Amino acid sequence: MRLKLMWRNYPGVIVTTLMILSLMPLAMKGETNEFLPGALWFDDHHVPINAHGGGILEDQGIYYWFGEHKIQGPAGNDAHVGVHVYSSRDLYHWQDQGIALKISHDPASDIAEGCILERPKVIHCPATGKYVMWFHLEPKGQGYGAARTGVAVADQPIGPFRFLGSFRPNAGAWPMNVPDDEKKPLTDAEKDRMTQSKFFGGTFPNFPTNLIFRRDCAGGQMSRDMTLFVDDDGSAYQIYSSEENSALQISKLSDDFLKPAGKYIRVFPGGFNEAPVMFKYKGKYYLITSGCTGWHPNAARLAVADSIWGPWKQLGNPCVGKGADQTFQGQSTCIFPVMGHPGQFIFMADRWHPEDAINGRYLWLPIQFNPSEPFISWLDHWNLGFFDK
Ligand code: GAL
């Protein structure tokens with residue numbers, strides 16, 4: 001009836017729309033059954049998916065893709081909208097579910113418009129039934145100096161998420177894997193050395209590798225790029241770049257997943273790792289990270305451990321083939337298991353465009369194993385049939 005009416009009133013518009021749709025490549029119509037790494041990827045409204053630094057939650061047979069909603073231009077590197085969420089049953093077609101966590105219009109809020117809100121990740125807490133979102137938060141006007149974690153909670157995966165607050169994790173707790181004689185505040189001489197150091201997120205001669213976690217013990221550890229990981233036993237962990245980016249920390253979450261449990265380790269002190277992502281395969285824990293070159297791509301790094309508490313061992317660059325030395329121009333953001341394909345995972349990376357943030361692209365590639373060591377190689381296009389081979 002509606003179509004009949006439209007046909008009577010707007011025949012020209014309908015014909016033109018049908019012609020445009022038939023000329024558009026399938027991917028642009030959101031009708032593709034393929035992954036096209038680096039290409040524009042459209043949602044069910046034919047709008048490019050806007051979920052950068054993203055993460056995937058699988059809940060009751062549905063995938064949810066959460067990510068930073070960016071706007072045009074360099075202003076898009078700050079948060080003006082919030083965390084966008086999309087849903088899908090097949091990983092190819094994504095339904096726009098709107099903004100799961102909105103930035104605040106109260107300038108006094110930690111998540112006020114213009115803050116930096118990056119790498120949101122959502123997990124489901126069986127103990128409380130809630131959906132819990134963690135993200136990297138830099139309150140407005142402080143650059144990347146605050147290095148905080150934000151936490152929000154919702155009753156449904158698509159939200160609305162309620163912002164609970166932000167903090168630096170593990171205040172007052174010492175890492176589990178440092179010798180007892182290092183579990184002490186800085187001496188006056190060490191404090192002087194620290195105030196003379198100019199930290200910029202990278203290394204410099206005589207970098208005070210083992211002083212920063214001691215400096216920060218009382219107030220909480222720095223937390224920038226981050227991910228969440230839920231183990232088979234239901235325990236959840238936050239993995240974050242800490243200590244002026246010089247070390248990663250792996251930190252257990254409380255049973256309600258809302259705060260750190262106070263148990264954490266330092267991983268690769270002095271190693272300068274960012275963009276951590278974690279998965280578990282055949283009983284081993286794998287970590288993929290990037291180096292610290294800001295928005296510019298660099299070579300990914302793979303590490304393995306038999307226990308999440310380490311020891312962690314570096315295995316080198318998991319990417320192989322052309323473009324591997326720069327992670328195919330991308331930076332890791334999530335690795336997630338594929339429903340119906342036990343032991344198979346997809347690697348998600350961002351190809352950043354900081355000069356026009358909204359134009360950042362997504363690289364999705366399958367994790368391959370040789371024979372059990374993970375590797376990633378470029379594919380122009382692929383689909384889930386890849387996992388049946
Ligand atoms: C990257 C990081 C991004 C963003 C950017 C800012 O290394 O992974 O999430 O923080 O630096 O320069």
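As the structure is a computational prediction, the values presented were derived from the model and not from experiment. Both ligands and their constituent atoms are indexed starting at 1 by order of listing. Heavy-atom basis, side chains included; hydrogens, waters and symmetry copies ignored.
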Legend entry - Under 4.0 Å from ligand 1, counting heavy atoms only: the protein residues, by chain and number: E118, R119, Y144, D225, E274, G294, W295, Q331

Legend entry - Connected hydrophobic set around W309, excluding itself, where side chains approach under 4.5 Å: M176, F229, Y237, I239, L248, I250, I265, V267, F268, M278, Y285, L287, I308, W312

Using distance only, find each side-chain donor-acceptor pair of residues 373-380 under 3.5 Å and give its atom names and separation, not counting sequence neighbours.
from: S377; atom 1: OG; to: Q368; atom 2: NE2; distance (Å): 3.1
from: W378; atom 1: NE1; to: D380; atom 2: OD1; distance (Å): 2.8

Is the closest side-chain donor-acceptor distance between [X] and [Y] under 3.5 Å?
| X | Y | value |
| --- | --- | --- |
| S87 | Q97 | yes |
| H353 | D356 | no |
| S104 | D106 | no |

Expected list for residues 137-151: side-chain donor-acceptor pairs under 3.5 angstrom, two or more places apart:
from: E138; atom 1: OE1; to: A146; atom 2: N; distance (Å): 3.0
from: E138; atom 1: OE1; to: A147; atom 2: N; distance (Å): 2.9
from: E138; atom 1: OE2; to: H136; atom 2: NE2; distance (Å): 2.6
from: E138; atom 1: OE2; to: A147; atom 2: N; distance (Å): 3.1
from: Y144; atom 1: OH; to: E118; atom 2: OE2; distance (Å): 2.7
from: R148; atom 1: NE; to: S166; atom 2: OG; distance (Å): 2.8
from: R148; atom 1: NH2; to: S166; atom 2: O; distance (Å): 2.9
from: T149; atom 1: OG1; to: S223; atom 2: OG; distance (Å): 2.7
from: T149; atom 1: OG1; to: Q238; atom 2: NE2; distance (Å): 3.0

